[in-house]
Amino acid sequence: MYNEQIKFELENSPLMQRIVELKERNYADKDVYADAPQDYADAMDSYDRILDVVGDIMENVVAPNAEAVDAEGPHCENGRVRYAEKTYENLETMIQAGLNGVTMPRRYNGLNMPVTVYTAANEMVSAADAGFENIWSLQDCIETLYCFGSEEQRQKYIPRVCAGETMSMDLTEPDAGSDLQSVMLKATFDEENDCWRLNGSKRFITNGDSDIHLVLARSEAGTRDGRGLSMFIYDKRNGGVDVRRIENKLGIHGSPTCELVYKNAKCELCGERKLGLIKYVMSLMNGARLGIAAQSVGLSQAAYSEAVSYARDRKQFGKAIIEFPAVQEMIGNIRCKLDAGRALLYQTARYVDIYKALEDIARERKLTPEERQELKKYQKLADAFTPLAKGMNSEYCNQNAYDCIQVHGGSGFMLEYACQRIYRDARITSIYEGTTQLQTVAAIRYVTNGMYASVIADYEQQAEGVVDAASLGRVRAMAEKFNVATAAVKETENQEVLDLCARHLYEMAADVIMSHLLLQNAAKDETLFAQSLALYLNHAEADVSKHATFINNVVSQGCETYRAE
């Protein structure tokens with residue numbers, strides 16, 4: 001589970017030393033906490049040991065339990081969720097290993113790990129069982145409470161999550177899915193008891209019977225838009241929320257997706273009123289999208305492992321099917337998309353780490369002008385890269401799961417093979433926490449304002465004299481097609497043309513960026529990445545050319561052909 005590619009991403013970025021210095025406040029904790037690292041090498045060794053434990057648990061506990069959890073699923077009993085039996089074993093094993101509160105500071109009993117390390121753990125958990133990842137990884141909701149809650153709330157709730165209590169984010173409703181401005185769950189202040197009360201319902205809530213909930217609700221009477229929404233903390237110990245039902249889903253069966261009913265449920269305001277959607281949910285969703293990107297990479301890894309294992313064992317016409325070119329092509333495509341998507345995932349996580357750490361430091365002291373510039377730079381990069389990482393990896397894991405079944409042939413259609421579970425689990429990744437279409441909406445401004453083009457130009461400059469010149473030339477040619485297509489769409493000054501071409505421009509940008517990241521990786525470790533680089537460049541060139549042709553046709557012909565009847 002803890003493979004060489006994950007280790008590479010943790011050990012070979014020039015950003016990691018800065019991340020650790022910021023997260024550890026130049027190792028200020030070493031004189032206070034026995035487990036705090038003394039220096040960079042000590043920190044990296046600590047991360048390695050913890051991830052080795054995660055990998056061991058995934059391989060020996062969670063992965064062997066995955067089929068039983070998928071078959072049983074959770075149950076709704078008297079308004080409460082009862083997990084599948086093996087899910088409790090998974091959770092208890094993680095708690096005993098101390099693998100909760102991963103990113104939280106040590107003063108709250110957290111592990112104080114960077115987001116990049118947490119992302120690696122998330123990937124491995126997802127490769128073992130994506131449904132279980134949806135329970136374990138929602139501890140990440142505590143980041144929002146940590147960033148925006150009061151110190152009293154931090155001291156009250158964060159140690160509980162670090163001890164293993166579960167979380168959920170209660171956002172969507174029957175009439176408010178992607179359009180969260182339409183949320184109508186009512187929050188009213190109870191003067192007599194000096195608390196807030198929640199009334200209404202939520203739907204499609206992942207791990208909806210968790211111990212601690214972050215709830216988006218309408219606190220401002222008479223409003224109907226995002227400015228009337230606030231964020232609240234609901235503690236299950238106080239009662240008032242029941243599970244009406246658990247959704248019967250295609251995949252991720254181990255994770256209960258609930259419809260909830262709030263009946264005068266006591267809660268606490270988190271942060272300031274009216275900023276629930278405008279500020280807090282945006283932060284919450286960005287973290288969740290990075291989590292789904294990690295889940296997607298984990299599923300791609302699972303698809304690759306299953307495909308290779310089956311193809312080596314399965315013999316037809318006197319030889320293993322892995323020797324047939326058609327099968328080799330499918331497996332090669334899975335591998336190169338996995339490696340490209342993983343490179344994008346960890347680059348995004350590193351950008352998030354730097355700006356998050358600087359934001360945290362800014363709560364303690366005034367940042368220097370250089371630090372403020374650094375914060376601004378990496379926040380912008382994180383905002384630009386997150387929708388690419390989530391959207392592209394979720395699409396890739398769906399494609400990879402599909403090809404994994406195809407490698408299995410007729411056996412892949414049988415329920416006794418894990419590939420069918422991976423396929424079912426993968427399908428949700430391009431839908432929840434913002435569909436790929438919404439990731440495109442989030443990313444397109446970075447196409448039109450030149451941000452992606454600027455990043456690509458920086459990567460090109462860094463690659464000069466370092467990477468293979470022929471491969472760099474191919475990536476440059478792709479970048480030129482992206483720039484020409486972007487200019488052509490912008491010159492139309494037609495919003496409908498931009499909307500229709502947005503997904504194509506988005507994927508072109510991602511193709512070029514992932515090609516650059518693989519170029520960088522292959523320059524550092526040819527053994528690990530040379531084959532994936534060669535295959536991915538073939539894939540990306542074809543993809544960029546396809547999108548360029550589409551955009552050229554739309555620009556010259558207009559949008560009429562694509563309008564619904």
Side-chain angles (χ1 to χ4, degrees), residues 23 95 99-115 118-119 122 134-172 180 183 185 187 195-198 202 205-217 219 229-238 240-241 260 262 265-292 352-353 355-364 382 433:
K23 189 69 177 176
I95 291 168
L99 294 171
N100 294 285
V102 176
T103 62
M104 289 293 99
R106 294 183 182 90
R107 65 182 180 273
Y108 302 116
N109 300 325
L111 297 178
N112 202 53
M113 298 286 170
V115 170
Y118 173 65
T119 296
N122 232 345
N134 271 6
I135 299 171
W136 178 79
S137 77
L138 276 169
Q139 63 176 275
D140 191 42
C141 294
I142 205 65
E143 282 278 354
T144 298
L145 191 153
Y146 173 70
C147 290
F148 304 112
S150 66
E151 181 57 28
E152 181 184 356
Q153 289 170 335
R154 292 183 192 128
Q155 291 181 9
K156 179 179 179 181
Y157 293 110
I158 295 176
R160 288 170 55 184
V161 173
C162 294
E165 291 197 25
T166 57
M167 292 196 73
S168 64
M169 48 181 179
D170 302 5
L171 306 180
T172 55
L180 289 174
V183 160
L185 183 79
C195 68
W196 286 85
R197 301 283 182 180
L198 297 173
K202 291 284 184 181
I205 306 305
T206 302
N207 200 33
D209 196 26
S210 67
D211 299 299
I212 303 164
H213 303 226
L214 293 181
V215 186
L216 183 65
S219 58
L229 298 171
S230 300
M231 181 72 76
F232 296 89
I233 306 165
Y234 165 72
D235 184 346
K236 189 167 75 171
R237 295 176 181 178
N238 293 326
V241 178
L260 305 177
Y262 299 74
K266 181 182 178 181
C267 63
E268 301 173 38
L269 179 67
C270 182
E272 299 177 43
R273 287 172 65 165
K274 304 182 185 180
L275 297 180
L277 180 60
I278 298 166
K279 187 174 183 180
Y280 307 145
V281 168
M282 292 302 102
S283 172
L284 190 63
M285 290 294 281
N286 277 340
R289 286 167 179 172
L290 187 64
I292 302 307
V352 170
D353 255 324
Y355 101 79
K356 283 281 190 184
L358 286 165
E359 274 191 342
D360 199 25
I361 290 169
R363 296 184 186 98
E364 302 166 4
E433 311 308 345

Check whether any side-chain heavy atom of [X] sits under 4.5 Å from a side-chain heavy atom of [Y], and report yes or no.
X	Y	answer
Leu275	Met231	no
Met169	Thr144	no
Val241	Lys236	no
Arg160	Asp235	yes
Met104	Glu143	yes
Phe148	Ser283	yes
Lys202	Val183	yes
Val161	Ile212	yes

>> Test side-chain contact (heavy atoms from CB on, under 4.5 Å) on Ser219 and Trp196; report intermediate values, then the result.
In response: CA-CA 9 Å; Ser219 58; Trp196 286 85; 4.0 Å; yes
Side-chain ([X]) to main-chain ([Y]) donor-acceptor, under 3.5 angstrom:
X	Y	value
Asp353	Val115	yes
Gln153	Ser150	yes
Ser168	His213	no

Atom [atom1] in [X], atom [atom2] in [Y]: separation rounded to 0.5 Å?
X	Y	atom1	atom2	value
Arg154	Cys147	CZ	SG	8.0 Å
Met167	Leu214	CE	CG	4.0 Å
Lys156	Glu151	NZ	CD	13.5 Å
Met285	Ile292	CE	CD1	9.5 Å

**Asked** What are the two closest non-hydrogen atoms of Asn134 and Ser137, and how far apart are they?
**Response**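 Shortest heavy-atom contact: CA-OG, 4.3 Å.
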Taking all heavy atoms of Asn100 and all of Leu111, pick out the closest pair and write down the distance.
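Minimum heavy-atom contact is O-CG, 4.2 Å.
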With Leu216 as partner, the option from Leu284, Leu229, Leu185 fulfilling side-chain contact (heavy atoms from CB on, under 4.5 Å) is Leu229
* **Test side-chain contact (heavy atoms from CB on, under 4.5 Å) applied to Phe232 and Asp170, step by step** => CA-CA 10 Å; Phe232 296 89; Asp170 302 5; over 6 Å; no
State whether the number of non-hydrogen atoms from other residues, nucleotides or ligands found under 6.0 Å of Lys266 atom NZ is greater than 12.
no
**Message:** Using a 6.0 Å cut-off, check whether atom CD of Gln155 has over 12 heavy atoms from anything other than its own residue.
**Reply:** yes
| message | In terms of relative ring orientation, are Tyr262 and Tyr234 parallel, tilted or perpendicular, with 30° and 60° separating the classes? | response |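 Tyr262 vs Tyr234 ring planes: perpendicular.
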Can you tell me how the ring of Tyr118 sits relative to the ring of Trp136, calling it parallel under 30°, perpendicular over 60° and tilted otherwise? tilted
Note to self: For the residue pair Tyr157 / Glu268, report whether a side-chain donor-acceptor contact shorter than 3.5 Å exists.
What the structure shows: yes
Residues Glu165, Arg237; criterion salt bridge (Lys or Arg N to Asp or Glu O under 4.0 Å); working and verdict: CA-CA 12 Å; Glu165 291 197 25; Arg237 295 176 181 178; 2.9 Å; yes
